[in-house]
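Notes to accompany the following structure.
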Amino acid sequence: MLRTHNCGELRRENDGQPVSLAGWVHSYREQGRELVFVDLRDRYGKTQVVFNTDEDSRIDELARKLRREDVIHVEGTVRYRGDGLTNPKLDTGEIEVRVTQLKLLSRSKTPPFEIEGGDLPNEELRLSHRFLDLRRPELQKNIRLRHDLTQAVRAYFNERDFLEIETPMLGRSTPEGARDYLVPSRVHPGSFYALPQSPQIYKQILMVSGFDRYYQIARCFRDEDLRADRQPEFTQIDLEMSFVDRDDVLEMIDGLVSSVMKQVRDIDVPLPLPRYTHAEVMEKYGTDKPDLRFGMPIHDISEIAAESDFSVFKTVIGNGGRIRGLTVKNGAEAYSRRLLDVDLKKFVGEYGARGLAYMKVVGGALESTIAKFFSAEQQQAIIATMEAEDGDLLLFVADSWKVTCAALAALRNRIAKEQNLYDPASFSCLWVVDFPLFTWNPDEDRFDAEHHPFCQPNAEDVEYLNTDPGKVRADSYDLVVNGYEAASGSVRIHDSEIQKAIFDLLRIDSEEAERRFGFLLDALRFGAPPHAGIALGLDRWVMMLAGNDNIREVIAFPKTQRAADLLSGAPSEVDEQQLLDLHIELSEPPAAE
RNA sequence: GGGGGCGUAGCUCAGUUGGUUAGAGCGCCAGCCUGUCACGCUGGAGGUCGCGGGUUCGAGUCCCGUCGCCCUCGCCA
């Protein structure tokens, strides 16, 4: 071993002890020719080491050549620094190591950015020099947190009879859902594997095989556009249970969430986590993943507006639309006319809203350019419906149901942030249940599965399967944390006849269904237990627990928005021979250098 | 595919209505300094203003195109 201690553990009690340390030169301070201080750093902390000619002039000579990020090994003696000479900012600040032997293990080029202190460099540089970026304490902390979370998850499931089972990365492409990452087969010309979007089918088959309780920290791949909270490869905490119903899964995850939050961040989560129906949150918050760290629900004034003289609202209602809005408490003064007419209007426009109407509540009545279209009685009705008081600002979107949802949900999040309506360090966890089983796809003239095609219809709604499929609720559930989808799951179909019926509704004919999912259908015909499961987005959980809003901050080697790895240079062109082996011919030659 | 933002020294940024030799802080290099710890002091080096084209007597600045990064809509069973 090169070291007896790490750089974060020496204390005054170690005074006089001979030690050896190794690490990176974090900073370097020369005091005249014969006294040199170095803060030596490793992932445990920093320790000041001292070189002094009194001890050995050769060491001192070498010490003066040290530069930041050089890797060195020192031997020496721990010494209390002396009264008035300690540094309270360092855990090891009461002591220093007086060096008697110095060895330069590795020289460092001058780093392109500072490891600590100063403004963060742009992300491009951070990603191309990720090995340096990862030395920063923030990322070290995040990666550590990720480890802690993963271990807490494993411990929780291991204690409850779950088996951790791996499933294939090279699988079959199922064109439903997200775009697949494809891997060409060398031995089967013209055929491709797909990287898993999730281990969905395999884990269901594991239930059929009798494994009863499965979990996996599973890497998943989706070739879709990236966002701040989305990477093309990401990690799910995936699990599946047999002989359970919805509530069993929800309770299991309630326990997981509270246990993990307590363990890794000492956060107390009251159980059970509240449950809302999909219909309820869409009506109240306009989204299936509401951030409930604050209130500000959506209110609907369609009925009042229909009776008013305001033709813009009446036309929308005549076309089957809705007039819905938000009440910004004490917001009347907070938003200037310019902000409302330009910024916020443009903002809701991104979600398809053609306009943003606003009113202020002043002296118990409405003040607005459109107030004149509403009678005194209607104004009172609006104030009552919006639960508004003097000084409040009312914001309205008049549009289709869908557009009012999207625009107001986004607006609600934006305003809450701007108005500091919540503590960003707080947590709100909730379940959303009873999602619709299908959504109508007008482009393809058919229904699409809202969750995935293996989701069990709610028993009460089975009668609508043939008459009104849009009405059928699914036995599915999402866990929402701070406005993020943090987990998603469902009770699965374990009857091949029902599964076939669902495929029919999705216009996947039996031949096609057999071709795509035959192995699952076949498995379901050999004695499938009722089963249900869920998958949690590990990266998002770590991100939230790290107090971050960017998933790249909790992934060691993330990709850019264009799915490139700036460190390794992936994706890259390959040799002609590799393409030949894979029977691949490029339709367009790559651009010349 | 659409919308928005950014790109000037190694890093973070400033740079006026288009006008002399493009600046600052940090970092880097050299020297000085025996108790520093954001050390201090003195001096110095360092620029394809992302790239290409255009307008102009003159472009970091204006116009067109293009590349990269970020946010976002669509997309993400």
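Below, read A as the first sequence line, B as the second, and so on, with proteins coming before strands; counting in each chain starts at 1. In this text the structure is predicted, and so the values were computed from the model without any measurement.
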So what's [N] paired with, Watson-Crick or G-U wobble, going by both distances under 3.5 Å?
N	answer
B/A45	none
B/G40	B/C32
B/G18	none
B/C6	B/G68

Using only atom types and a distance under 3.5 Å, with no angle test, would you say the side chain of [X] pairs donor to acceptor with the backbone of [Y]?
X	Y	result
A/N14	A/R11	yes
A/S490	A/R492	no
A/E69	A/S108	no

Self-check item: P-based separation of B/G47 from B/U42 [nearest Å]
Solution: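 My reading of the P atoms in B/U42 and B/G47 gives 25 Å.
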Quiz item: If you measure from the P atom in B/A30 to the same atom in B/C70, how many Å do you get, rounded?
Solution: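 One P to the other, the span is 37 Å.
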[X] has a side chain; which of [options] sits nearest to it?
X	options	answer
A/T110	B/U36, B/C28, B/C75	B/C28
A/R67	B/C71, B/C39, B/C29	B/C29
A/T560	B/C76, B/C37, B/C70	B/C70
A/D225	B/C39, B/G1, B/C70	B/G1
A/L85	B/C71, B/C37, B/G35	B/G35
A/R29	B/C71, B/C39, B/U34	B/C39
A/F37	B/C75, B/G68, B/U36	B/U36
A/E96	B/C70, B/G35, B/A38	B/G35

Quiz item: Does A/G84 or A/R179 map to a spot on RNA chain B nearer the 5' end, using the closest nucleotide for each?
Solution: A/G84
Quiz item: More 5' along RNA chain B: A/R562 or A/Y351, using each one's nearest nucleotide?
Solution: A/R562
Quiz item: Within the pair A/R33 and B/C32, is there a side-chain N or O less than 4.0 Å away from OP1 or OP2?
Solution: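 Checking A/R33 against B/C32: at least one side-chain N or O falls below 4.0 Å of OP1 or OP2.
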Exercise. Give a yes/no answer on whether the side chain of A/R68 brings an N or O atom under 4.0 Å of OP1 or OP2 in B/C28.
Key: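 Answer yes for this pair, as a side-chain N or O of A/R68 is under 4.0 Å from OP1 or OP2.
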Counting distance alone, no hydrogens or angles: does the base of [N] have a donor or acceptor under 3.5 Å from a partner atom on the side chain of [X]?
X	N	answer
A/Q31	B/C39	yes
A/R230	B/C76	yes
A/E30	B/U36	no
A/R126	B/C69	no

Practice problem: Report the relative orientation of the aromatic rings in A/F517 and A/F503; use parallel for angles under 30°, tilted for 30 to 60°, perpendicular for over 60°. | Solution: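 Answer is parallel, since the angle falls under 30°.
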Quiz item: Taking only residues two or more places apart in sequence, or in another chain, which ones meet A/H494 in a ring pair (Phe, Tyr, Trp, His ring centres under 6.0 Å)?
Solution: none
Self-check item: With A/Y422 via ring pair (Phe, Tyr, Trp, His ring centres under 6.0 Å) - residues at least two apart
Solution: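 Counting only residues at least two positions away or on another chain, A/Y422 forms a ring pair (Phe, Tyr, Trp, His ring centres under 6.0 Å) with A/F294.
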Quiz item: So what does A/N441 touch, heavy atoms closer than 4.0 Å: a base, only the sugar-phosphate, or nothing?
Solution: nothing
Quiz item: For nucleotides 6-14 of chain B, read 5' to 3', which letter fits each nucleotide if B means a protein heavy atom sits under 4.0 Å from the base, S means only the sugar-phosphate is that close, and - means neither?
Solution: ----SSS--
Practice problem: Applying salt bridge (Lys or Arg N to Asp or Glu O under 4.0 Å), run through A/R473 and A/D434 and close with a yes or a no. | Solution: CA-CA 5 Å; A/R473 289 167 299 171; A/D434 290 346; 3.8 Å; yes
